[in-house]
Each structure stands twice: as C-alpha cells, then as structure tokens.
Amino acid sequence: MSSAERHEVVIAGGGTAGLALACALADALGEDARIAVADRAPLGAASPGDARAFALAAGSKRMLSTLGVWPAIAEHAQPVTAIDITDSSLEDAFRPVLVSYDNTVDGGEPATYIVEHGRLHEALLAALGRRSSVVLLGNAPAEGFAADEHGVTAHFSGRAPLRAALLVAADGGKSRLREAAGIGIVRWSYPQTGIVSIVRHEKPHQGRAVQHFLPGGPFAILPMTGNRSCITWTEEADRARAVLALDDAGFLAEIETRFDYRLGAVELAGPRGSWPLDMHLARAMVANRFALVGDAAHGVHPIAGQGLNLGLRDVAALCEVIADAARLGLDIGSPATLERYERWRRLDSALSAATFDALNRLFSNDSTVLRTARDFGLGLLERMPALKQLFVAEAAGLTGEVPKLLRGQRV
Ligand SMILES: Cc1cc2nc3c(=O)[nH]c(=O)nc-3n(C[C@H](O)[C@H](O)[C@H](O)COP(=O)(O)OP(=O)(O)OC[C@H]3O[C@@H](n4cnc5c(N)ncnc54)[C@H](O)[C@@H]3O)c2cc1C
C-alpha cells in the first residue's frame, strides 16, 4: 500500500462534474496539493456523437466564470432570456403559449445559458491544463478502494493504485465506486427515451426557449448561437425507437410536427442521439473517506434541464467543506467534513428528483381531466409574476444555502 502514489484528493470520473471539481479544488487548496482525475476512457474530446447542449443555470455559469472556464465558452453560449410553455396533443395544429416568462435574475442577468457539451468539456480540460497540481489519467477504470484511518487507496484496472486523504466518485449514474462502497440506490426507469438533435431554422429565436408539453413527454427547443436550436425531446420508448430508426427526412418530419412555427423552415444541423431515462438517488452521499458527486449521487428526469446543475452544486459544496477543513488544519477526509457535505446536499438532491419526477408524471399523458387541471394551474401562474420570478430564481440555482462558487466568489 505504501507504494501507491500519494495525492490529496483522487477523483474517479472525468465527466463535467469530475473535471469541474478538480479545477475548484486546485484553486482552493493551492498548488502544493496534488489532485488526480482518473477516467476509464481517454481524457480528450467529448464523445463526437453527443449532440447534447445543456441548460446551464446562472449559478453554474458564475462558478465556471470564477474558475476561469467561462471565457472559452462565452462566445458559444446562448443566453436564454424568455421561456414559453405550451400544453397540447400531438395532432393539434396550433400550440398556444399558456405561460411565458422573463428568464432573468438580479436585474437582467440571464437565468440560463445553453452550452454544447463538447465545448464545456474542452474548456474544462483546457482550464485543467493551466493547473499544474492536477494530473489527468485516461484509460484508468476505477475498480474499488480500501479506506483506513490515515487515507484511502483507490484501485484501477491496468495501473498502479493511488493513495489520498479522500476519494471522490464522479463516475456517473452506474457508478462502480458507489457499488464498491456498498451504498445502495433508489432507482426507477422511465418508460421514455431522451432524444437530442440540433436544428437550424429560418428565423431568429431571440433567446426564447420553448417547452411543448406533449403526451409522450416534454419537447424542448433550446436556443443556441446562430439560428440554431437544440431539441431535447422526451418520447414514449416504443415511439422513440421508431422515430430514431427513420432516415433524416422522416426524422425531420417528426420534429416539424412538434416544432415552433414561429421559427420558420427547419433543417437538421447535427447528429441525433438518444438516452434511456431513469431517476436514481444514492442512499448516502458519503462513506469512509469517500464522497459521491454528480450523477453518481443522483440522476433526475431532464424535464427541467437540471441534472448537471445539481452536480455542479455538489462540486461547489464539496469544494467549500474541503477548503474550510484544510484551512483549519483538519483532516479533509474525516467523517465530520463529509457529514457537513452530506447535510448540505442530500435534501436538495432528493427534493429535486421528486419534483422533476412529479412534473413528468403530471404532464406526460393525454388525460383530458389532467390537461384541464394543469392548464388551469398554468393559467394562474401566468397571472402571478412574483411566483414566476421565484421559479426562475430557483432554476437559476440562487435560492437556499448557495455555495460560494455559485455566488461567483472564490473559495
Ligand atoms: C437527454 C438529456 C439532456 C440533459 N440536459 C441537461 C440540461 O439541459 N442541463 C443539465 O443540467 N443537465 C442535463 N442533463 C443531465 C446531465 O447530462 C448529467 O447530469 C451530467 O452529464 C452528469 O455529469 P457527471 O460528470 O456527473 O457524469 P457523466 O457525464 O456520466 O460522467 C461520468 C464519467 O465517469 C467516467 N467513468 C465511468 N465509470 C468509471 C470508472 N469505473 N472509473 C473511472 N471513470 C469512470 C465516464 O467515462 C465519464 O467520463 C441531461 C441528460 C440527458 C440524458
């Protein structure tokens, strides 16, 4: 065990959450604290077939700015300044807007930005390239770990183990390390598939996002730079399979049936991708010298575009509790440090997962009774600007006990 390379923190998983945590810790702990990020895949460009563009909340954007990641993204990020919501049957020729709201906070700051996954990944890698205390290890699948009083040893397939004060699992929804830690999960699969594609349209979107609630699931039109939008479309699984098997012309026709007529003619402008959807929640976020962040800790329905934002909240909170402990000369992997993290993040994750699950159940159906009830509710919301503003602040990640990084402050 003594032959293992020694680090302050080892992070397993170099997705957005893992890379962002490495950036944040490198800044908070100083350049003498060694941090390793190990991913099972080569740590280079994001998967070329991943067309996803994420709705990043204002809090997440403030954090990326504080970490110096945002400048590389800024010119490609589309601010979302307004959101329109409709609720209709697939066959309806016209989808009237039931709720429309101004999507800004704090006197005009956009509450959301749309950012391509690939650009975010590249910007995080470039930012890590400027931090000499971080080592990136590709082709290093984490297999398990052993924790003791003095530290934790992480084991990888095909490479030497790494020793640290704390091991963080950022290895996604099917987290191998969560399993190795013996942390169970609550999980259910949705009978729906997430379809994503990018389209170009004739007319400008003017920063407006559209959410069409349709019986198969929400069909979101997320504005991107140029006259482009990312379609994030939840569809009933069998129908999704049929749609994905269509050629480009057939696939485009399905999009046109659901699209926003105000944007004029539309064409495909990127690959299509699909994701099975589930809700999962780890029964604990920490164990002995071990913590979960991002999808390893929780996975939520994409109905509100909040999964990654929750993961970045974990990152900001964990970084802050580690930095506070380090400054007091305390053990950063001690139960007291990790319990503070768990108390901070667990309730928010569980409430968010439950809320998005309930919203999906309420809206993804063709019941006339339910549609009448929810449209009445949306009509009320439309007439309550203060409540709308509260929802916008919540989605922007600026309510509750907000970690410093999400407020745009250094840790
Ligand atoms: C269709 C769709 C649309 C979405 N839209 C949004 C949105 O608009 N806004 C938003 O906030 N969220 C959105 N999400 C959610 C978001 O995609 C996820 O929450 C986010 O990508 C999770 O990031 P992560 O880093 O935690 O995990 P991942 O991105 O899954 O990264 C995990 C990493 O760990 C690595 N790994 C896996 N196993 C191991 C191992 N054993 N050892 C080492 N490395 C390992 C993987 O290679 C990967 O690099 C969406 C999700 C879907 C499906």
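Whatever order the structure lists them in is the order used to number ligands and atoms, beginning at 1.
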Notebook entry, point to check: When rounded to the nearest 0.5 angstrom, what is the spacing between CD in E8 and CD1 in I35?
Noted result: 8.0 Å
Next item on the list: Enumerate the atoms of ligand 1 whose separation from the nearest heavy atom of V196 is less than 4.0 angstrom.
Entry: 1 (C)
Next item on the list: Would you mind finding which of P276, G307, P302 brings a heavy atom closest to atom 4 (C) of ligand 1?
Entry: P302
Margin query: Is it the case that the side chains of T81 and N103 hold a donor-acceptor pair, with the cut-off being a distance below 3.5 Å and no angle test?
Written below: no
Notebook entry, point to check: With S229, which of R208, H205, H201 fulfils side chain to side chain donor-acceptor pair (under 3.5 Å)?
Noted result: H201
Checklist line | Side chain, backbone, both or neither: R40 near ligand 1, heavy atoms under 4.0 Å | finding: both
Item checked: Which residue and heavy atom of the protein sit nearest atom 30 (O) of ligand 1, plus the separation -> G172 CA, 3.7 Å
Pairs of donor and acceptor atoms involving the side chains of residues 272-282, under 3.5 Å and at least two apart or interchain, shall be tabulated with distances.
{"residue": "R272", "atom": "NH1", "partner": "L244", "partner atom": "O", "Å": "3.1"}
{"residue": "R272", "atom": "NH1", "partner": "L246", "partner atom": "O", "Å": "2.9"}
{"residue": "R272", "atom": "NH2", "partner": "L246", "partner atom": "O", "Å": "3.2"}
{"residue": "R272", "atom": "NH2", "partner": "D248", "partner atom": "OD1", "Å": "2.8"}
{"residue": "D278", "atom": "OD1", "partner": "H280", "partner atom": "ND1", "Å": "3.3"}
{"residue": "D278", "atom": "OD2", "partner": "R187", "partner atom": "NH1", "Å": "2.3"}
{"residue": "D278", "atom": "OD2", "partner": "H280", "partner atom": "ND1", "Å": "3.4"}
{"residue": "H280", "atom": "NE2", "partner": "D295", "partner atom": "O", "Å": "2.7"}
{"residue": "H280", "atom": "NE2", "partner": "G299", "partner atom": "N", "Å": "3.2"}

Next item on the list: Give the contacting part of A140 toward ligand 1: side chain, backbone, both or neither, where contact means a heavy-atom distance below 4.0 Å.
Entry: backbone
Next item on the list: Just jot down the ligand 1 atoms closer than 4.0 angstrom to any heavy atom of P141, in number order.
Entry: 42 (N)
Next item on the list: Look at ligand 1 and say whether A38 reaches it with a heavy atom at a distance under 4.0 Å.
Entry: yes
Notebook entry, point to check: Looking at F363, F219, W233, which one forms a ring-ring contact (aromatic ring centres under 6.0 Å, His included) with F213?
Noted result: F363
Check: Does any N/O atom on L308 come nearer than 3.5 Å to any N/O atom on ligand 1?
Finding: yes
Next item on the list: Mark up the atoms of ligand 1 that fall under 4.0 Å of a heavy atom belonging to N309, in ascending order.
Entry: 11 (O)
Check: Is there a nitrogen or oxygen of R176 sitting under 3.5 Å from a nitrogen or oxygen of ligand 1?
Finding: no
Next item on the list: Can you see which heavy atom on L64 is nearest to which on L56, and at what distance?
Entry: CD1-CD1, 3.7 Å
Notebook entry, point to check: For atom 8 (O) of ligand 1, what is the nearest protein heavy atom, given as residue, atom name and distance?
Noted result: A55 N, 2.8 Å
Check: How close does the nearest protein non-hydrogen atom get to atom 50 (C) of ligand 1, and which residue and atom is it?
Finding: F54 CE2, 4.1 Å
Check: Is E235 salt-bridged to R258, cutoff N-O under 4.0 Å?
Finding: yes
Check: Backbone, side chain, both or neither: what part of R52 comes under 4.0 angstrom of ligand 1, heavy atoms only?
Finding: side chain
Check: Any salt bridge between D148 and R163, counting N to O under 4.0 Å?
Finding: yes
Check: Aromatic ring centroids of Y190 and H301 under 6.0 Å?
Finding: yes
Notebook entry, point to check: Which ligand 1 atoms, with their elements, are less than 4.0 angstrom from a heavy-atom of Q306?
Noted result: 10 (C), 11 (O)
Check: Identify the closest protein heavy atom to atom 32 (C) of ligand 1: which residue and atom is it, and at what distance?
Finding: A170 O, 3.5 Å
Check: Is A57 touching ligand 1 with its side chain, its backbone, both, or neither, if touching means heavy atoms under 4.0 Å apart?
Finding: neither
Check: Considering only protein heavy atoms, which is closest to atom 41 (N) of ligand 1, and at what distance to one decimal place?
Finding: A142 O, 3.2 Å
Margin query: Tell me if the CZ atom of R200 is crowded by more than 12 foreign heavy atoms within 6.0 Å.
Written below: no
Notebook entry, point to check: Should the proximity of W275 to ligand 1, defined as any heavy atom under 4.0 Å, be assigned to the side chain, the backbone, both, or neither?
Noted result: side chain
Note to self: How far is atom 31 (O) of ligand 1 from the closest protein heavy atom, and which atom is that?
What the structure shows: G15 CA, 3.6 Å
Next item on the list: Return a yes/no value for T232: is any of its N or O atoms, backbone included, closer than 3.5 angstrom to an N or O of ligand 1?
Entry: no
Next item on the list: Nearest 0.5 Å please: distance from the NE2 atom of H212 over to the CG atom of L90.
Entry: 11.0 Å
Notebook entry, point to check: Which pairs pass ring pair (Phe, Tyr, Trp, His ring centres under 6.0 Å) with one or both residues in residues 53-72, sequence neighbours excluded?
Noted result: F54-H117, W70-Y113
Check: Are R228 and E116 close enough for a salt bridge, meaning some N to O gap below 4.0 Å?
Finding: yes
Note to self: Using a plain distance cutoff, I'd like to know if A17 has any nitrogen or oxygen under 3.5 Å from a nitrogen or oxygen of ligand 1.
What the structure shows: yes
Notebook entry, point to check: Any idea which part of V300 is under 4.0 Å from ligand 1, heavy-atom wise: side chain, backbone, both or neither?
Noted result: neither
Check: Can you tell which of A154, G305, G311 gets a heavy atom nearest to atom 9 (N) of ligand 1?
Finding: G305
Note to self: Counting non-hydrogen protein atoms only, what is the nearest one to atom 47 (O) of ligand 1? Give residue, atom name and distance.
What the structure shows: D39 OD1, 2.7 Å
Notebook entry, point to check: Got a salt bridge between E109 and K61, using NZ or NE/NH1/NH2 to carboxylate O under 4.0 Å?
Noted result: no
Next item on the list: May I ask you to identify the nearest protein heavy atom to atom 37 (C) of ligand 1, giving residue, atom name and distance to one decimal place in Å?
Entry: D171 O, 3.3 Å
Margin query: Below 3.5 Å, N or O to N or O, backbone or side chain included: is there any such pair between A296 and ligand 1?
Written below: no
Notebook entry, point to check: Which ligand 1 atoms, with their elements, are less than 4.0 angstrom from a heavy-atom of G294?
Noted result: 26 (O)
Next item on the list: Output yes when R95 and D87 qualify as a salt bridge under the 4.0 Å nitrogen-oxygen rule, no when they do not.
Entry: no
Check: Counting only heavy atoms not in Q409, do more than 12 sit closer than 6.0 Å to its CD atom?
Finding: yes
Note to self: Below 3.5 Å, N or O to N or O, backbone or side chain included: is there any such pair between A12 and ligand 1?
What the structure shows: no
